[in-house]
Amino acid sequence: MARPSFRFGALTSRYGERAVLDGLDGEIASGCLTALIGPNGSGKSTLLRVLAGLQPYGGTLTLDGREARSLSRREFGRRVGVVPQQFRTAYPFSVWEVIGMGRLPHRGLFSRLTGEDEERIAAAAERMDVAYLLPRRATELSGGEAQRVLLASVLAQDPQVLLLDEPTSALDPNQAARVFSVLRDLAREGKTVVAAAHDLNAALPFSDAFMALRNGRLTARGPASGLDEETLKGLYGAEFLPYRSERGDVLWRALAE
């Protein structure tokens, strides 16, 4: 059985007076790709920010057995990689430089790249199929290209944990499948991968587990293969019809009322 990477108990988080996470209890396993699902405003992005050490919280949260509050920013930077929904820079960094930013937690801010750094940058670009973009300016990229470059930057960082917020929102279906295939492979390599996803059919065929959030509460969790119509109806307030793809994956179609 995979060991827990994160454990949390009575986990809460607020924006001012508004409670966004309300008493979550659970754990997230290492070596697994976990899909965070739920409607808009359910708390998925906030949970990712809490796990990344970017958002204050109440209750308990441990990463590999250590209380998250005890970890320094540098430790988080080395151990946890974060991919936000969108990435844009106004400064014309090259794609090589953007991917190279993933190496910052492993070296000083003004230190030169080592041979290992350069090898990891090149390998990450190749894995995310953006090597041909390396000489380009980040300001010239399309939304989908920018998203894949950001993913490559996190791969170059080589963290043990990857937290991704809608990582395929700007990608076409083929690119989305390729990205989730890479994420699944990273989980197989022992990484802890957590991805918030609106597109169930992009994420679930590649996921090992799911966690369902609604109104800041954890309403269901389990193996991705165990997700059923009743869980989805309670989560989204709509009927869902399962069907199988030509590859044999279980996919879901929401039925209009």
Side-chain angles (χ1 to χ4, degrees), residues 2 6 8 10-15 18-29 32-51 83-86 143-144 147 151 162-185 187 192-257:
F6 288 103
F8 44 89
L11 188 68
T12 61
S13 188
R14 312 180 69 87
Y15 290 110
R18 183 170 65 92
V20 182
L21 299 180
D22 185 10
L24 275 59
D25 297 296
E27 59 187 41
I28 296 173
C32 293
L33 170 52
T34 299
L36 289 184
I37 63 173
N40 289 333
S42 60
K44 300 187 300 297
S45 296
T46 300
L47 178 56
L48 289 176
R49 287 182 57 80
V50 168
L51 296 177
V83 178
Q85 286 191 36
Q86 295 182 337
Q147 193 72 359
L151 283 160
L162 289 87
L163 305 174
L164 308 102
D165 197 353
E166 301 291 342
T168 60
S169 59
L171 305 182
D172 64 39
N174 180 53
Q175 292 175 334
R178 293 186 65 176
V179 165
F180 270 109
S181 178
V182 170
L183 297 180
R184 177 188 59 192
D185 291 344
T192 302
V193 185
V194 186
H198 278 305
D199 188 344
L200 301 178
N201 293 332
L204 289 173
F206 298 93
S207 299
D208 302 292
F210 78 93
M211 299 182 70
L213 291 174
R214 183 177 176 85
N215 296 327
R217 296 188 176 188
L218 184 59
T219 62
R221 61 182 176 179
S225 59
L227 188 62
D228 57 27
E229 298 95 320
E230 289 303 311
T231 299
L232 290 172
K233 181 179 180 180
L235 194 60
Y236 295 101
E239 298 284 350
F240 278 78
L241 181 68
Y243 64 100
R244 287 194 178 273
S245 68
E246 292 183 358
R247 197 175 63 179
D249 297 320
V250 176
L251 304 178
W252 297 95
R253 179 184 299 124
L255 302 179
E257 294 183 357

Quick one: does Lys233's side chain get under 4.5 Å of Glu239's, heavy atoms only?
-> yes
Output yes when a side-chain donor or acceptor of Asp165 lies under 3.5 Å from a complementary backbone atom of Ser45, and no otherwise.
-> no
Parallel, tilted or perpendicular: rings of Phe180 and Phe206 (30°, 60°) | parallel
Indicate the atoms forming the closest heavy-atom contact of Pro84 with Gln147, along with that distance.
-> O-NE2, 3.6 Å
Shortest non-hydrogen contact from Pro242 toward Val250 = CB-CG1, 4.4 Å
Separation between CD1 (Ile37) and CG (Leu204), nearest 0.5 Å, reads 6.0 Å
Within 45° of the axis and under 6.0 Å from the centre of the six-membered ring of Tyr243, does NZ or CZ of Arg253 qualify?
-> yes
Report the C-alpha distance between Tyr15 and Thr46 in whole Å, list the side-chain angles of each, state the deciding distance to 0.1 Å, and finish with yes or no for side chain to side chain contact (heavy atoms under 4.5 Å, CB included).
-> CA-CA 10 Å; Tyr15 290 110; Thr46 300; 3.3 Å; yes
Return the minimal non-hydrogen interatomic distance between Lys44 and Ala196, and the atom names on each side.
-> CB-CB, 4.1 Å
To the nearest 0.5 Å, atom CG of Leu47 lies from atom CG of Leu11 at 6.5 Å
Under a 4.5 Å cut-off applied to non-hydrogen side-chain atoms, are Val179 and Leu151 in contact?
-> yes
Side chain to side chain contact (heavy atoms under 4.5 Å, CB included) partners for Ala220, two or more places apart | Phe210, Ala212, Thr231
Residue pairs fulfilling side-chain hydrogen bond (donor to acceptor under 3.5 Å, both in side chains) with at least one residue in residues 203-218, sequence neighbours excluded = Asp22-Arg217, Arg188-Asp208
How close do Gly23 and Thr12 get, heavy atom to heavy atom, and via which atoms?
-> N-CG2, 3.5 Å
Hey, could you give me the CG/CG distance between Asp249 and Asn201, rounded to the nearest 0.5 Å?
-> 9.5 Å
Side-chain contact, heavy-atom cut-off 4.5 Å: Glu166 with Asp199?
-> no
Leu162 versus Val83: any side-chain heavy-atom pair under 4.5 Å?
-> no
Can you name the closest pair of heavy atoms from Ala187 and Leu33 and give their distance?
-> CB-N, 3.6 Å
Quick one: pull up CG in Leu36 and CG in Leu164 and give me the separation to the nearest 0.5 Å.
-> 10.0 Å
If you measure from SG on Cys32 to CZ on Arg184, what distance do you get to the nearest 0.5 Å?
-> 13.5 Å
Any Leu218 side-chain heavy atom under 4.5 Å of Met211 side chain = yes
With rounding to the nearest 0.5 Å, note down the distance linking CG in Leu213 to CG in Leu24.
-> 6.0 Å
In sequence, state the C-alpha distance, the side-chain angles, and the governing distance for Thr34 and Thr192, and then conclude on side chain to side chain contact (heavy atoms under 4.5 Å, CB included).
-> CA-CA 8 Å; Thr34 299; Thr192 302; over 6 Å; no
pair Trp252-Leu232: side-chain heavy atoms closer than 4.5 Å = yes
Is there a side-chain contact between Asp228 and Phe240, using heavy atoms and a 4.5 Å cut-off?
-> no
Keeping to residues at least two apart or across chains, list the side-chain hydrogen bond (donor to acceptor under 3.5 Å, both in side chains) pairs with something in residues 168-178.
-> Asp129-Arg178
Considering non-hydrogen atoms only, spot the tightest contact between Gly38 and Tyr236 and give its length.
-> N-OH, 3.1 Å
